[in-house]
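Below is one structure, written out as structure tokens; comments come after it.
Here is how names work: the chains are called A, B, and so on, in the same order as the sequence lines, proteins then strands, and each is numbered from 1.
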Number of protein chains: 2
Amino acid sequence: MGVNLVKPFSKTFYKTFMNRKVRIEDVAREAGVSPTAVSFAFNSPARLNSATVQRILKIADTLGYAPNPHARALLARSVGVIGILTPQTLPSIFANPFYSAFHEGVGQVCEAHNLSLLTISVSQSLSEAAANAPVDGLIIVGLNERHPEIEVLLRRKMPFVIVDGDSVVAPSVNVDDESGAFQAASYLLESGHRDILALTFELDYSATHTDKVYGVGQRRLDGFKRAFEQGGLPWDDEFLIPTPTSVTGGAESFRGIWASGKRPTALLSVADIMAIGVLEAAADAGVRVPDDLSVIGFDDIPQAKWTNPPLTTVRQPILEKGEQAAQLLLALIANELTGPANLLLPTELIVRASTQEVTHRKD
Amino acid sequence: MGVNLVKPFSKTFYKTFMNRKVRIEDVAREAGVSPTAVSFAFNSPARLNSATVQRILKIADTLGYAPNPHARALLARSVGVIGILTPQTLPSIFANPFYSAFHEGVGQVCEAHNLSLLTISVSQSLSEAAANAPVDGLIIVGLNERHPEIEVLLRRKMPFVIVDGDSVVAPSVNVDDESGAFQAASYLLESGHRDILALTFELDYSATHTDKVYGVGQRRLDGFKRAFEQGGLPWDDEFLIPTPTSVTGGAESFRGIWASGKRPTALLSVADIMAIGVLEAAADAGVRVPDDLSVIGFDDIPQAKWTNPPLTTVRQPILEKGEQAAQLLLALIANELTGPANLLLPTELIVRASTQEVTHRKD
DNA sequence: ATGAAAGCGCTAACAG
DNA sequence: CTGTTAGCGCTTTCAT
């Protein structure tokens, strides 16, 4: 039964040592059974004589056979992978603690469902990247559903959920950015600050897919403005310092501000990582936080509490955001979503040591 | 030419609105051409009359067609995805700054080659997880090539590179852990410390796939021991405090040590995140670092310099490790690797403020 | 208990 | 310039 495995010139034996993967047919031939039997041995062993199953499995193992995941996915219409798509480069995603925490949340539910997580590289077209990705569904961060590239996905029936973006058709998860920003700015105002600058996301006019400014960035700005109005401080767009979303970006903005001669008593930042850069650059420049300058961030990434001084910031539940997004996506894929699912998670001001009343200012 | 798209009962029209993805055949029918023509329109437009291409593309767009990535991958024997496999849960990977930096390095080269990055969930069998993953190759972190589950991959001709693990057949990237650990311990010894405890990785006997202790963990321990020998301090396995690889793990170990009445003058840690937990717990307990306790980490994750006080640690080039691993993997996949490729990257002691001479100790 | 045959959706020789 | 045909590797009725 079955050709002896070690027969020197067995075609299968030969293939095993060539740079070609072993297919189901090779195993079948070597085991003297049909491909069907091999498939059964792997997928429904009960349908086969258990001795046969053993033999097949053993031969498969010897040959180093494993079912081709693409062929499987093609047939099963599912791969066990969900993707995260966001208009940023892969390295900048992984360098960003916000995304680490977000991935952690998504990872929790992936782990529970034994799914893997694909972080998608978007070099050119978003929709193209999405189309080529071997995923069962997508979590799209920082883009609006109405974005032309995203509408394509809708037409393609690719299941996706929107995070940090406007959405009515697709499920979505957002946090109350406006209110968080309002709290942050109000807190500063109430502490007596009247000379405040705001580090904002950059508006990248060249990238049609960057909607940050109309999404999260805009909402945070709206919150700042509302607080200013309410606090009786006229808003001026000159308060805005577009800053790269990174530690070094924040540091550079601080240096730029100081170099220009401006001496605000407080800095509002739309992201903790920028604020951390400010802290660092301020320390280097001998500017004391919070004595000389109050700094307030946004996100409450884990390291916000480790900074020196610990960062006052607006907490958003990043991990939960990831979890909810993943949960929503799985429900969508399983067709278990009845009705709209647009979540709005709360934000909360966390006062730590990087802010203080303006009256304490040394000069 | 081609059925009117909006004809109410066109089969394709119907499908478009059902929950079924549009296939190449649907586009072909609607455009009145063969599937081949549609394929050409997407993949080699030059081979078609440009008017035809336009028409096909337009119809494809209207229908919301995109080639099925699984079918494509099956045929092309490539998906444009590389995977990272490590015997840890997805959330713990993303929560770990070491992996963030590592992913960042891998992400740099992925981005350059327009590849996506799959972080694989390993619930049960490693080899099974690897087999089911739709990837062109794997970066395996923290496991030896000789591990039985990994040997399977070798037989399956799955291209992979080993990181932080022993390897002779597969390409690999390691850092000089032993020497780094030696430097760290020697530094402490030379600073007069004689009462030192070491936070080590946990040995998980239940998980056959956790080789940490025989790999990186063992090498770091070896370095510590050599330094002790050389420093004339007899080594005792009692110095070892197995600690979960997390901030909270480190904090708990600190509390455990203090609760047990031990008062070492210095703590050696095999990972920065554990050391950060120590710093935190020490601050909470009113133990001053470095006055009461010197703490030294390993890895030099980005946040090591932000801790309070900034952490003395052994730097390993994490980002470069990821980069090199990815580069090696791509070369392997492209069959451009001639001869063995086993990289050993250097480590370096970075002295910051969490350590000082023992003579300064207050008691 | 096992196998033959059809087909998942796509691409690429090879014809015409 | 366009279509026919034959798979890629696997699963799964349906038959035996």
Side-chain angles (χ1 to χ4, degrees), chain A residues 1-2 12 15 20-57 59-60 63-80 131-134 136 156-158, chain B residues 1-2 12 15 20-57 59-60 63-80 131-134 136 156-158:
Chain A
M1 290 214 225
T12 298
K15 276 189 181 172
R20 184 188 209 296
K21 287 189 185 164
V22 177
R23 297 156 316 170
I24 198 170
E25 194 202 327
D26 302 316
V27 179
R29 193 182 314 115
E30 214 64 28
V33 296
S34 75
T36 309
V38 179
S39 178
F40 281 164
F42 277 84
N43 304 311
S44 4
R47 299 186 51 170
L48 251 41
N49 188 317
S50 81
T52 316
V53 172
Q54 290 315 312
R55 189 163 44 90
I56 294 177
L57 257 26
I59 291 182
L63 256 34
Y65 168 77
N68 179 314
H70 307 310
R72 247 178 185 214
L74 179 55
L75 221 41
R77 292 187 166 69
S78 142
V79 249
N132 290 332
D136 296 330
R156 286 186 188 163
K157 312 216 176 304
M158 167 64 86
Chain B
M1 297 207 215
T12 298
K15 277 188 179 173
R20 185 189 208 296
K21 287 190 184 163
V22 176
R23 298 156 316 170
I24 198 169
E25 193 202 329
D26 302 317
V27 179
R29 192 182 316 116
E30 215 63 29
V33 297
S34 74
T36 309
V38 179
S39 177
F40 282 162
F42 277 84
N43 305 311
S44 5
R47 299 186 51 175
L48 250 42
N49 186 319
S50 82
T52 316
V53 172
Q54 290 315 312
R55 189 163 45 89
I56 294 177
L57 256 26
I59 291 183
L63 256 33
Y65 169 77
N68 179 315
H70 306 311
R72 245 173 187 219
L74 179 55
L75 218 44
R77 293 186 164 68
S78 140
V79 248
N132 290 331
D136 296 330
R156 286 188 189 160
K157 313 220 174 302
M158 167 64 86

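Between B/S39 atom OG and B/R72 atom CZ the span is 8.0 Å, to the nearest 0.5 Å. Rounding to the nearest 0.5 angstrom, the gap separating the CZ atom in A/R23 from the CG atom in A/D26 is 4.5 Å. Here the straight-line distance linking atom CG of A/L63 with atom CZ of B/R156 works out to 11.5 Å at 0.5 Å rounding. Here the straight-line distance linking atom CG of B/N132 with atom CG of A/N68 works out to 10.5 Å at 0.5 Å rounding. For the atom pair CG (A/L75) and CZ (A/R77), the distance works out to 8.0 Å, reported to the nearest 0.5 Å. Rounding to the nearest 0.5 Å places CD1 of B/I24 at 7.5 Å from OG1 of B/T36.
Inter-residue side-chain proximity for A/E30 and A/V27 is flagged as unmet; no heavy-atom pair is nearer than 4.5 Å. By the 4.5 Å heavy-atom criterion applied to side chains, B/L48 and B/V33 are not counted as neighbours.
Nearest heavy atoms, B/P45 versus B/N43: CD-C, 3.5 Å.
Remark: side-chain polar atoms of B/R55 are paired, donor with acceptor, to backbone N or O of B/A31 under 3.5 angstrom.
Within 4.0 Å of A/F42, counting heavy atoms only, lies no atom of the nucleic acid at all. Heavy atoms of B/T52 sit under 4.0 angstrom from primed sugar atoms or phosphate atoms, though from no base atom. Residue-level contact check: B/A46 touches neither bases nor backbone, having no heavy atom under 4.0 Å from any strand. No contact: A/A73 has no heavy atom under 4.0 Å from any strand.
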For nucleotides 3-5 of chain D, print each protein N/O atom paired with a nucleotide N/O atom at under 3.5 Å, atom names and distance only.
| from | atom 1 | to | atom 2 | distance (Å) |
| --- | --- | --- | --- | --- |
| D/dG3 | OP2 | B/S34 | N | 3.1 |
| D/dG3 | OP2 | B/S34 | OG | 3.3 |
| D/dT4 | O4 | B/T36 | OG1 | 3.0 |

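Between the P atom of D/dA6 and the CG atom of B/L75 lies a distance of 16 Å, rounded to the nearest Å. Note: NE2 (A/H70) to C1' (C/dG7) measures 19 Å, nearest angstrom. D/dT2 atom C1' lies 17 Å from atom CD of B/Q54, rounded to whole Å. In this structure, A/K21 places its NZ atom 10 Å from P of D/dG9, rounding to the nearest Å. What separates CZ of A/R29 from C1' of D/dC10 is a distance of 16 Å, to the nearest Å. The separation between A/R77 atom CZ and D/dT11 atom P is 15 Å, rounded to whole Å. Protein atom CG of B/N132 is 12 Å distant from nucleotide atom P of D/dC10, rounded to whole Å. Counting to the nearest Å, the C1' atom of C/dG9 and the CZ atom of A/R156 are 15 Å from each other.
Considering only side-chain atoms of B/Y65, the nucleotide from D/dC10, C/dT2, C/dC10 that sits closest is C/dC10.
For the helix from C/dA1-D/dT16 to C/dG16-D/dC1, the angle separating the two terminal helix axes comes to 40°, with each axis derived from five pairs and the value rounded to 10°.
Across the interface with DNA chain D, nearest-nucleotide mapping of A/L74 and B/S50 shows B/S50 to be the residue nearer the 5′ end. Mapped onto DNA chain D by nearest heavy atom, B/A71 and B/N49 fall at different nucleotides, with B/N49 at the one closer to the 5' end.
Phosphate proximity of C/dT11 to B/N43: present, with a side-chain N or O under 4.0 Å from OP1 or OP2. Between A/R72 and D/dT11 there is a side-chain N or O to OP1 or OP2 distance below 4.0 Å.
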